[in-house]
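Have a look at the structure below before the remarks.
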Amino acid sequence: MNKMRFAWNEFNKAPLTAKIGLLIIVVYVFVAIFAPLIAPFGESEIVGRKYLPWSNEFLLGTDNLGRDMFTRIVYGARNTVGIALITTLLAFSLGGIFGIFAAVMGGWTELVLSRVVDILMAIPSLIFSMLLLTIFGTSVISLILIIGVLDSTRVYRLARATSLNIVVMDYIDVARLRGEKIGWIIINEILPNISAPLVAEFGIRFCFVFLTISSLSFLGLGIQPPTADWGGMVRDTADLITFDDYTPLIPAAAIAILTIGVNFVVDWFLQKTSGLKDEL
Amino acid sequence: MKPTDKLLSRLNNAEVSRRDFLKKASALGIAGALPGALLSTNAVAAKPKRGGHLRIALAGGSTGDSLDPTRLTSPHINFLYYTTHAQLTEVLPNGELSPYLAESYEYGKDASEWIFKLRKGAEFHNGKTITADDVIASLDRHRGEDSASQMKSFMQEIISLKKDGDSTVIIKLQNPNVDFPTILSAPTLGILPSTNGKVEDFTVGSGAYMLEKFEPGQRSLVKRNPNFFFPDRGYVDSAEILTIADSTARQNALVTGAVDVIGDVPAATADLLARNAKIKVLDVTGMMHDTFPMLTNQAPLDNNHVRMALKLSIDREEVLEKILSGHGMVGNDHPISPVNRFFNTELEQRVYDPEKAKWHLKQAGLSKLKIKLSVSDSVYAGAVDTAVLYSEQAKKSGIEITPNRVPADGYWKDVWLKHPWCVSNWSGRPTEDWMFTQAYAATSNWNETLWKNDRFNELLVAARAELEDSKRRDMYYEMQRLVRDDGGSVVHLFANHITAYNENVGVPSKVAGNWEFDGFKMVERWWLNS
Amino acid sequence: MSNILRILFQRLALGLFTLFIVSLIIFMGITLLPGDAAEAMLGQSATPDTVAALRVQLGLDLPPHTRYFNWLLGALQGDFGTSVGSGQQISSLIGTRFANTLFLAIFAATIAVPLALILGILAALYRSSVYDRVVNVVTLASISMPEFFISYILILFVSVKAGWLPSLANVQTGVPFLVRLEMTLLPALALTLMSVAHMMRMTRASIINLLANPYIEMATLKGIKKARIITHHALPNAWAPIVNVIVLNLAYLIVGVVVVEVVFVYPGLGQLLVDSVQRRDLPVVQAACLIFAATYILLNLFADIISIVTNPRLLNPK
Amino acid sequence: MSSESDPLLLEISDLQVEGFSEDQWHEIVKGVDLTLKRGEVLGLIGESGAGKSTIGMAAMGYAKPGCRIKGGSIKFNGIELTTASEEEKRKLRGSRIAYVAQSAAASFNPAHKIINQFSETVIHHGLGNRKQAYADAKELYRRLKMPEPDQIGFRYPHQVSGGQLQRAMTAMALSCRPDLIIFDEPTTALDVTTQIEVLVTIRDIVRQYNTAAIYISHDLAIVAQMADRIKVLRYGDSVEESATRDMLSNPRENYTKTLWAVRTFKKTVKPPDPQPAALVKVDDITATYPGASLPVLSNVSLEIQRGETVAIVGESGSGKSTLAKVITGLLPQDKGQILYEGVGLSSKYRDRSSYHLQKIQMIYQMADTAMNPRHRVRDILGRPLKFFLNLRGNEKEKRLRELMEMIELDPDKFLDRLPSELSGGEKQRVCIARAIAAQPSFIICDEVTSALDQLVAEGILRLLDRLQQELNLGYMFITHDIATVNAIADKVVVMLQGQVVDQGAKDEVFAPPQHEYTKLLLTSVPEMDPEWMDRVLAERAAKGGMKAAGY
């Protein structure tokens, strides 16, 4: 209860942008969780002719197959946000753990890990993911794993760089001299202290996953149909934009709004943790 | 009034929609002739003009393209070969075969021996006279053991290639084939210059245009051949063929005037494009068709009732409307197009009938069916959407189709002919025999349904040797029925070739439908008005 | 200086090692891919017979390790082989395309980098102001749009509606420089929109971060103007992180522009690479990937050198 | 210096400054009055949190980011700074009022040469061109007795030592010949032997130019050397103010008296152990940092017994903290051995037994970096209890409370706090408790009181002393502060440049100092006597300059 009240107080004190951001995230999460209850139709149900205009029955009209656009957007929240979240979490767990590990261990471990990451980063990531997706197939799981692993290289660099600042702190020496295991040091001593830059990066990376998926679906390697995902929806309807038809702007806006919302919250979080006070 | 004329007049009086018109026209078996007819109102008066530079953008083409005719597959190269290289025969806009580089051709004692007489004085672009040796060397390359040519299986039917003087070639076949001259109209069988029986230069042909520049995956530049053997053909001075893979980019290029003609216009946006007053959209019913081949030797697809249930569970009209926006016509589960000579006009059109589908399932001892359908948009644009639509439609028959999108990469090797049910697409063949032989004959490597029907295979061989048209027609009619009612493919759509061009481009009154771009011969046949 | 030279050599040696590993990974990757060049080339029309024949023609019948060592031997002598598909020399095939890619990247960077710096500095200077918030939202929105979509929107407004610029950027060799600039302006703008946000945010963050330093307060107490504090006191110390982000984005501009190339029909290396992967054209994929990897390595090296050169502590040891 | 009739240069009245933290405004300065005449030096003294720096900056019309001047009046030369525009204030800063910060190393921009940072002020305020500014800089460097005055300005800040940087910053402050300079603890970051030299030059130059100054420090003895008048502050309020001599001889307020409290604490002297047995023995240790060519410690030997405090004294770079690293095993030695109860310890901490890790504990100078800012006191103390003693649940809770009582903090209030919610002294107490929690027999205290105010430091020393009595602990006490050594040490080890130069019982080493360097150290410690600095200088001059001896 205390925590709830604390959170509520924090929320009240948050700047307007952060409130907007939180509101956006809450709405998205709500929509994602309760998609089947909110959506008026089935995810892939064909409800009418294609490209019907906005109406009371079809709030945002219908898509190229005559599926309800609003329904697709709602389900898209679930799929896109879900996949992006899992992928980003994977990227951060992998990159974070190895990055901190390298910083703590130093020496050969760090050298080898950094070299591996350098090599992975030197290969154009779109090509690399294309290769891997073709080898392992384009199931959602391999999509998540591949994007997650390739993205983790960037997280690794960040985690390592920020951890290097923490590793020199006396309390790390204290833990080492106590004889603590590396894993304990990583999780209990370092991780909580590099969360700020990691979270900031999370905000951006999270949104980049949408884009990666949508780029991949541009090359025919995205999420399996008929699953609704925003990146794929933009792709499917993108050429309409040349004919002054703004249908693709709907899923694009869904992504953009979430990006902005997440980053508003991230900015707020950073401001709180870094102690950097903007001039009021 | 002929039925066609009646329909046309109703169309002009706006009594029928264009789509209805096409539908009815296709039922009448005249769609192949339609595009020309449709255009006649604005094109008939126009007289071809000489001069100008024609810029064409197409979707196909890759940075790995090669000019070696035994190594090529891309539409860009096919287009280029029809523009710069002359084949012995050509398919005319009305679908008939006509001699081209050959002055004439005839069969010998039966259809297993063919005599081709070359056009007198025809020259390659480099001034060399075309001889029988060049023809033999050019065809020979495709039939050797080490050949990797697409045409290999046809060319290996040849048991001897002989010349009779400098301008006559005698070809002997293993088995009689009435349609053999049509095969020789294939783009890659363009005749190339040779020395000592070896072809040396792929860039030199004898077509209406000469190759100036070739950048794989990007563009080809050609200029008019002043010594072309049909002096009246070839209107524009020069032309440029561009590969623009992205459909939006192609349309933008046309709208902004960067190119004059584009092909592969997405059906979904063709009508939007046509709203632009300066742009004309040309719909040509061709032989290109989309199929869902099932491997007929795998359970449960080995049961014809299951196949019938699947064939009855697709609402072709809805697919035509939603995927092609009406730019095409529904298929009747066989690959023969109304453009073809022996299109069976007596076959009833198969329609969406979930109840009947259920009945078939029951006959197969099933109450419902769960099946995976492997698709890729690389086969044709809209394939994935079609599968999604199909799966929704099939729910009514108690069939659960799971669309399985697979990578474009390696599709033809790992999915096609491997997965029990997938998507496929055929650009069509100018003859019934060619089409059936490649895709449905038991012996074919590309028998995409692994279908083995004894009666069908007997008829196929017999029809090849049959010299009398009415008998051949009956045979092909029966074969179409067999494929339709027993075969393993859902042939649901014939897609139009949708071409768009700006108003400055002159179009002949009749446009071929065997390939897009007027059978890939538009550089030779079309012109610019100013 | 010796410091820089030492790092330079060390990095170059490491870079070569990285390239070797990359080539090995790419080779294994391509070999692991279903299907080989022969099957990919023949596509739907493949028969076991023709595939086998083509394999012999292309030398694909040799065992993988032999092929790799043959390739490596050639590569070490500067011969990267010929394209499996078109039979063209790799150098001639890739040369112009890489030059095109570089041209576009540099063009985009010359717009994007100064723009990002100016926007970032202004945002740091007027942080929490309306300007800062607007720039923040606009840039976030621009990076959350898929690349092809941004390109389409640009084409719609700049090219189709206004008719200012061509929508096709299919430049050819020998095009005059100004025409080339005109043709590539639109893709360069698209790339700018995609990369500017990241660089701008980083510039802003680095500078704001530096503003907490005592020497910034000192400068204020010396009566230095705010703008000069940012440009003379914060920026020189922010170069290292900013250059890192710029380099990351440059790498993206060179390596990651496949989609933009497709949309604008720009004959760059990315499109060739994607095509070649699909065609299993190993020599081309290898060469292109190695060029990209080398670019990446050199860019990073460049970033390191910049951070040494702009850091007096490293440049002038005690 | 100044006559009574001079108009006031600076007049601050009822100054109130607020700072924003935890989402609300807090008063930092609560209505302070202050006046300063031309050429006068005012000392501001107080502990951390007294608001002395804030007042110093407010004299320039400046409040740190996150702070604001809420009320009162600041008149400089008749100009009201609280209402002046930013531009007006900007023109005054640097030219009429200058600032010298505590850490010159941090306050010089690392990207620019020293002399350019000097000339920037002059050029920017339109008081001269680059050439004139360079010439003036060299002149001032010369007057400030900087080595190579013509060249030193062309170095980057990192290439110059702390003492020289502090002089360079003073020169920079003088660049526009301001009426007033704010010195904010300018010598706090310096070594004691350097400090005296910097103090002298600052005092002299201020006198030469007859500049008024506000000298801020926490050290009364230093302020006494510099200021004509001293003002004592506490919690943002003024405690008392009087002329320097009066303040020293006759402080009115009790608080003022406590400011030099540490000097009154003396450890209870214990009779020496009849049978000395070394708890920890450092035997001929030589150590080098990885990548370095020269050893940082050479042939260091010493012994610590149970219940005994050995103070390691030295200035920065003497290797005293490195010695701690070698003993704990963080830096493996090249040569020599560390023995615990006669048993040789492995040179790497990773290879040491849990018993040895437990028995040797360390307390650090910066309690801030020694505690994970994300852990609560409960976790910080609980972890060693669980790790070494395997205590859980109620047992652990009980022990936690005992520990908190040992360090005189209320368990109910403090156990669930984060380090950021503790004061400096409380933090250091928690660090002590963490060391004690492991039930060690030997504790290394690395400058544990250096970052603390005197009163707080005294409390810590008392606590350490008490714990030593109760638990019979051996301390190795690393410090640079002679006063602290005097207060707590049984034995003293003096280190210089990685070597032990002097060691023995405290009285043997200090009273009187035998070694030259020890003597230098002792005489450099400021004393509560306004004449101290002049006296020391005179003595040193008489001896021909201690500096020349090479220290």
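Naming: A, B, ... by sequence-line order, numbering from 1 per chain. Here the structure is a predicted model, which is why all the values come from computation and not from measurement.
In this structure, chain B has heavy atoms under 4.5 Å from both the backbone and the side chain of C:Val160. For B:Gln438, no part lies under 4.5 angstrom from a heavy atom of chain C. Interface remark: B:Gln156 contributes side-chain atoms only to the contact with chain C (heavy atom separation under 4.5 Å). Neither the backbone nor the side chain of B:Leu417 comes within less than 4.5 Å of any heavy atom in chain C. Proximity to chain B involves both the backbone and the side chain of C:Leu272, based on heavy atoms less than 4.5 angstrom apart. In this structure, chain C has a heavy atom under 4.5 Å from the side chain of B:Arg219, while its backbone stays farther away. Both the backbone and the side chain of B:Ser62 have a heavy atom closer than 4.5 Å to some heavy atom of chain C.
Contact count versus chain C (heavy atoms, under 4.5 Å) is highest, among B:Val259, B:Asn252, B:Thr243, for B:Asn252.
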Q: Decide yes or no on side chain to side chain contact (heavy atoms under 4.5 Å, CB included) for B:Thr248 and C:Val263, but give the supporting numbers first.
A: CA-CA 8 Å; B:Thr248 313; C:Val263 172; over 6 Å; no
Q: Report the C-alpha separation of B:Gln218 and C:Arg97 in whole Å, then their side-chain angles, then the decisive distance to 0.1 Å, and conclude whether the side chain to side chain contact (heavy atoms under 4.5 Å, CB included) test is met.
A: CA-CA 11 Å; B:Gln218 293 178 54; C:Arg97 280 179 175 267; 3.0 Å; yes
Q: Give the C-alpha distance, both sets of side-chain angles, the deciding distance and a yes or no for side chain to side chain contact (heavy atoms under 4.5 Å, CB included) between C:Leu168 and B:Ile244.
A: CA-CA 9 Å; C:Leu168 284 189; B:Ile244 302 182; 3.7 Å; yes
Q.
Set out, in order, the CA-CA distance, both residues' side-chain angles and the distance that settles side chain to side chain contact (heavy atoms under 4.5 Å, CB included) for B:Asp246 and C:Tyr152, then state yes or no.
A. CA-CA 11 Å; B:Asp246 185 56; C:Tyr152 287 165; 2.8 Å; yes
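Residues B:Leu242 and C:Asn170 are in side-chain contact: their nearest non-hydrogen atoms beyond the backbone lie under 4.5 Å apart.
Going from atom CZ of B:Arg250 over to atom OG of C:Ser167 covers 12.5 Å, rounded to the nearest 0.5 Å.
Atom NZ of B:Lys278 has 12 or fewer heavy atoms from other residues, nucleotides or ligands within 6.0 Å.
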